[in-house]
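Data first, discussion second: the structure below is written as C-alpha cells.
In what follows, chains are A, B, ... by sequence order, proteins preceding strands, each numbered from 1. Not measured: the values here are computed from a predicted model.
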Number of protein chains: 2
Amino acid sequence: MSDVRKQPTLHDVARLAGFSTSTTARALGNYGRIAETTREKVRAAAEELGYRANPLARSMITGKTKTIGVVCADLSSPFFAEALRGISDVAKGRGYDILIVNTDEDVASERDAVALLRDRHVDGVIVSPADVRQVDHLAALQTPERALVLLDRSSSALDTDSVTVDDVSAMTDAVGRLLDAGHRHIGIVTELRIEREADWQSLLGDLDHSERRELNPSSRRLLGYLRAHREHDIPIDPALVARTGATSVDSARRATTRLLEQRDETGMTAVVTVDNTTSVGAYGAIRDHGLRVPDDLSFIAFDNLDWTTLVQPAVSVIEQPVYALGSRAADVLLDRLDGIRTTPGEEILLDTRFIERESIRAVQQV
Amino acid sequence: MSDVRKQPTLHDVARLAGFSTSTTARALGNYGRIAETTREKVRAAAEELGYRANPLARSMITGKTKTIGVVCADLSSPFFAEALRGISDVAKGRGYDILIVNTDEDVASERDAVALLRDRHVDGVIVSPADVRQVDHLAALQTPERALVLLDRSSSALDTDSVTVDDVSAMTDAVGRLLDAGHRHIGIVTELRIEREADWQSLLGDLDHSERRELNPSSRRLLGYLRAHREHDIPIDPALVARTGATSVDSARRATTRLLEQRDETGMTAVVTVDNTTSVGAYGAIRDHGLRVPDDLSFIAFDNLDWTTLVQPAVSVIEQPVYALGSRAADVLLDRLDGIRTTPGEEILLDTRFIERESIRAVQQV
DNA sequence: CTGTTAGCGCCTTCAG
DNA sequence: CTGAAGGCGCTAACAG
C-alpha cells in the first residue's frame, strides 16, 4: 500500500529494480537495446509502485506532446459536435489527446487560440478558419514539426491539407433539381458574415473563375446556387438572396421572413439554405408564416439532421458526411505527424449526397 | 525579424535585458519584489524577442497546468455539445484550457480517461459518470490539489460538487400533468443501460427512500414517472415501461415501436421520454406508426431542442438549462481551484421548466 | 547491454 | 531588490 506520497518517479522505479534511470527508461519505453530479464524486472518494479510516466517531463525533452489542438467556431453546433466526435475517436485510437478551443467565428479570437496552442506545444492543429482569407496566423503555425489540417474549409492562401465537401457542386445539383422541377424563383438563405462577402453580387461577374478556396462555405454554396441558374439560363433576382449577418437561428429566421414577405413581388416558390442553422431558421420562419411545405413552398435543407425526417412531410436534404469530415481530418493530421504522409498539402473532398424526400413540388411553367 | 530559430527562452530575454533569469522571471511573472524600471526593461526585451513562456516547463515546477479535463460520454450529443460550450466559455474566461475525452458511456473507458487526465496533471475534472455507482476511479482523482465536479449526474458515493437538475421532480410534474389531463395509460421510453437498473421494478418497492444520487438520470426520471402515478393513485402497468438498452435513437425507436404495437392491450394514450435521444426515437416511431400527436397519442419530450417547435403541432417539453449546467460546473470547479470555494461538496440543482405546447390532449375518463 | 552525465525551460530557495 | 544554485521528471548522447 503506498501512502499519500507523491507519484513514484522513474527514479523510484530504478532504485527498486536496481538499475539506473536510463536503463529503466529504456525498459519502460521500449527503445534502445535492453535485456529481456532486465525489462521484466523493471516492469515488475514499475507495477509494484504503480508507476506512471509523467508526460510533461517527457514533452519537455522530446518536444512532442501527443496532443492535437482543435479550434472551432461553435462547439455547440451539431456540425462541430459531430465532427469533433470523429476527430476524438481517431485521436483516441492513435494515442493522442485533444485540446479544444472555441472561437465564435471570430478571427481575433482565433489568433489567440492559435497562439495558445502553439505555446502548449501541440503536435498538430485542426481548424475550421473563421475566414479563409485571413489565415496568416495559421500559416505561421506550420513547421516541419507541427502539422495543420483545415476542416470544412479550404484556403488558397495556405499550403496545407484540407478536408471538405464539394459544396459548390452539391448546391448546383440541388438547385438544379428545383429548376428542373419548374421553379423559377428560388430563394436562398445564406450567411455572409465576412464584410467583403456581403457584396455577393461580385460573384456574378466571375461564376467560372471563382476559386472556391477563396470563399467561405456559405459563399461557396451561394456560388453553386448562382451557377445552377446560369446553367439553366435563368436570371438571378437579387431580392431572392437573403443574407444573415450572424450565425444564429434567429438571424436566419428574420432573413427568411423578409423573403417571405416579398413573395408577392418575387413570386418565390422554393427556398434553399446553406447549413444547419439557416435550415432550422428558415424552416421555422416558413412554418410561422403559415406556409406549408411543399404545398405552398418547396424547401431543401443543408445537413441531414434528425429533425428533417421528424417534420412532416420530411425535408429533402443535402447530406454531408460530418463525422467522416472530422475523422478524416484527424487521420490526415496524424499521418503527417507519424511521417506516413509526406506529399504536398492536399485538398480532400468527401462526397455529399442529395436525399430526396417530400419537400419539393413540381410547378407548372407560366 | 527572427529567423527560423527556436522559440526564445527566458534565458534569452534575460541576456538581452541584462539581468539574471530569476529576475527576469519575476519581472514577467509579477511575483516577488521587483524594481519598476527593471520590470520595464525586461518587458521590452521580452517583447522584442517575441518571448512566450513555456507552460510545460512552468507546469513541471508548479504542478499546475491551467487545464481542466472534461470526460463525457458522447461529444456529438446535443446535450454534451451544449454543456461543453458552457464549460468552454467559462474556462476560457478564467484562463484555463480544456482537454477532452470521450468515453461512450463505458466505465472501463472512463477509467482510462481518468488515468490519462491524472497523468497529464490536469488541475480539475468535470465528468458525467457513466454509472453513478461505480465511481471509485473518480474518488481516487480527488486530492487537495485536484478538484472534481460531476455534471448532470450526482453520486452518493462521492463527496464532491455536482451540478444537476432535479429530474425526479421534473418528471413527476410532467407525468402529473398527463394524469391530470385524464391519461391513465402512459408509456415511458427510458434508457436502462446499467445491468442492475434493468430490473427497474425494484424502484417500486422504494418510491420514497430512493436516494436519487444512487440512480443514473434515466432511472431518476423513471422514478419521477412512478411517483406521479403513486401520487395520483394510478397503478403502474409494467408493459408501459419501455427500456432501451443502448444510447441510440434507433434503440429508442424500436422500444417505442414495441410500446405502440401493444396499444390494444395496454390502452396507452400518452408517451413520455427521458432525454433527447429517446425523444427523437420515440417521436419518429410514433410518426412511422402513422399516429398523430396529439390526436392519437399525447407526447412529452425531454430537452427543449429545435425540432420540438419545428414539428407540428409543437411538442411540449421538459426543458433543462444545458448551457448553464456546463458553465456552472466549470465555475464551481474553478472556484475550488482558486480557493474561492472551500465548503464541503455540494449538490447544486438547477431549475427545469415545463414548456406547454400542443402535444397533449385531454382524455375522457372511462 | 548498461550507467554516467547533461540538460529541456522554468521556478524557487537562499544568499548577497 | 537581485543573482546563483538547484531541481521538477524525464530523455539523449556518450562512454564503458
Taking all atoms of both residues into account, what is the closest heavy-atom pair of A:Phe79 and A:Val322, and its distance? O-CG1, 3.2 Å

Is any side-chain heavy atom of A:Arg213 closer than 4.5 Å to a side-chain heavy atom of A:Val132? no

With side chains defined as the heavy atoms from C-beta onward, is the minimum distance between B:Leu150 and B:Leu148 less than 4.5 Å? yes

I'd like to know whether B:Arg120 forms a side-chain hydrogen bond (donor to acceptor under 3.5 Å, both in side chains) with A:Thr67, so could you lay out the CA-CA distance, the side-chain angles of the two residues, the decisive distance to 0.1 Å, and finally the verdict. CA-CA 11 Å; B:Arg120 302 203 64 148; A:Thr67 306; 2.6 Å; yes

Under the rule of Watson-Crick or G-U wobble with both distances under 3.5 Å, where | means paired to another strand and [ ] a crossing pair, DNA chain C maps to ||||.|||||||||||

Can you confirm whether B:Glu36 is buried at CD, in the sense that more than 12 heavy atoms of other residues, nucleotides or ligands lie under 6.0 Å from that atom? yes

Sugar-phosphate only, base, or nothing, as touched by B:Thr38 at under 4.0 Å among non-hydrogen atoms: sugar-phosphate

Look at B:Ser20 and D:dT2 and indicate whether a side-chain polar atom (N or O) is within less than 4.0 Å of OP1 or OP2. no

Show the nearest heavy-atom pair for residues A:Gly326 and A:Ile87, with the distance to one decimal. O-CG1, 3.3 Å

Mind checking the P distance from D:dG6 to C:dT5? Whole angstroms is fine. 16 Å

Nucleotide interval of DNA chain C bounded by contacts with chain A (heavy-atom cut-off, under 4.0 Å): C:dC1 to C:dG9

Does B:Glu110 reach the side chain of B:Asp131, with side-chain heavy atoms less than 4.5 Å apart? no

Quick one: what's the B/S/- string for nucleotides 6-16 of chain D, heavy-atom cutoff under 4.0 Å, read 5' to 3'? -BBBBBBB---

Listed partners of A:Arg94 passing salt bridge (Lys or Arg N to Asp or Glu O under 4.0 Å), at least two apart: A:Asp331, A:Asp335, A:Asp338

Hey, could you give me each pair passing side-chain hydrogen bond (donor to acceptor under 3.5 Å, both in side chains) that has a residue in residues 80-91 of chain A? Not counting sequence neighbours. A:Arg85-A:Asp89, A:Arg85-B:Asp74, A:Arg85-B:Asp104, A:Asp89-A:Tyr323

For B:Glu40, salt bridge (Lys or Arg N to Asp or Glu O under 4.0 Å) partners two or more places apart: none

